[in-house]
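To start, the structure under review is shown below, and the notes come after it.
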Amino acid sequence: MAEVTRRKLLASAGLGAAGIGLGAGGFLAGRETAEAETAGTGTVPFYGPHQAGIDTPAQDRLHFAAFDLLSEDPRELRELLREWTRAAAEMTGGEMVGDVNEMQLAPPEDTGETVGLLPSSLTVTFGFGPSLFEKRGLGLAAKRPTALRPLPALPADELDPAESGGDLCVQACSDDPQVAFHAVRNLARIGRGTVVMRWSQLGFGRTATTSRSQDTPRNLMGMKDGTANIRAEDTEAMERFVWVGEEGPAWMRGGSYLVTRRIRMLLEVWDRASPLGHTDEFDPLPLEEEKEGHPVIPVDAHVRLASARENSGARILRRGYSFTDGVDESLGELEAGLFFICFQRDPEKQFVAIQRRLGQVDALNEYIKHVGSALFAVPPGARPGGYVGEGLLS
């Protein structure tokens, strides 16, 4: 039997020819649209000096997953990252995972839910947690970056261990929720037996602007979020605050450190509050102005406490998403909020320092709870023919 590629099969077989396909010998069948055949439409290059999904213009949808490694054999981890890199490059390029199905009765490699969908600017970003370097069998302890220490206990933490930590992470962002879901689903499938998913989070609306081409979005509190965020076009700020430099180690140069925080918003309480606002989004913050002997921006206002000026100039690249996960049955309230993501060069000097200040006196703490937390080292991008994390594992 001649080899049949999925793309050739999909291009030639309509739904009427083979039904939905799984009952017809294990092949997936569908109909590609004319738009899907437009070269390069909505694609972000996977290979490059930095991993995509950091300074990429923030897409509208997120599927983030943390995994625990089941094996301490470095060869298995190396093979996993090779396979994940290959699959991520295929998916971000609009291809299906695994191009050839040699056995007609075998299940396909790709789960198939993106047949006929555009890549929708899919990016896939990989990271390594502190706990990965604690697995003795891997022999990675000496290569652990000094900056990759577990986040300390922070004010106002109410963390659930089941929604925190992880040995590895995958961040899939896209303008189509099914494309982002497909990426994580297929990477989890590839890793079955080597990794197990620890926790995951879906995000349905970006809450940050990472490019000057984007408008600032509103979060679930109705506020413009991240007006002063670093933009990808701010080359000097990216080099200073986001990309790891000579402080190394060498395998992390050109990478970054990713912090996630699952922040529950107490929206029913917030809806009874009177938020602080201003006329124009980009008006300078009147931090020095007073009215009737009191600061115009209160000393405990989140916007003041989070500003670079109040944090010795420290900044982070924010890339968060709104989420909703049904109802908190114990309270009868929406289980919703912000899945906060940020990238920085040094988590202790940037995120941790800012969060300590916010956690002590921030008036916003009355309306939020930090229930999940994680930190990952995001290595630089891969070269064609290589894999993400090759500098660490080679």
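From Arg86, atom CZ reaches atom CD of Glu95 across 12.0 Å, with rounding to the nearest 0.5 Å. From Glu233, atom CD reaches atom OG1 of Thr210 across 8.0 Å, with rounding to the nearest 0.5 Å. One finds the OG atom of Ser71 at 7.0 Å from the CG atom of Leu138 (value rounded to the nearest 0.5 Å).
In the hydrophobic cluster analysis, where Ile, Leu, Val, Met, Phe, Trp and Tyr join through side-chain heavy atoms closer than 4.5 angstrom, Phe340 is grouped apart from Leu202.
Relative orientation of the Tyr367 and Trp270 rings is perpendicular, given thresholds of 30° and 60° on the angle between their planes. The aromatic rings of Trp251 and Phe128 lie tilted to each other, with the angle between the two planes from 30° to 60°. Relative ring orientation between Trp243 and His50 is described as parallel, the plane-to-plane angle staying below 30° on a 0-90° scale split at 30° and 60°.
Remark: the Asn186 side chain and the Thr111 side chain contain an N/O donor-acceptor pair separated by less than 3.5 Å. Between Arg345 and Gln350, the side chains place no donor N or O within less than 3.5 Å of an acceptor N or O (distance only, hydrogens not considered).
With sequence neighbours excluded, no residue satisfies salt bridge (charged side-chain N to carboxylate O under 4.0 Å, His left out) with Asp346.
For CG of Asp215, the number of neighbouring non-hydrogen atoms (other residues, nucleotides, ligands) closer than 6.0 Å is 12 at most.
Checked against a 6.0 Å centroid threshold, the rings of Phe64 and Phe339 count as neighbours.
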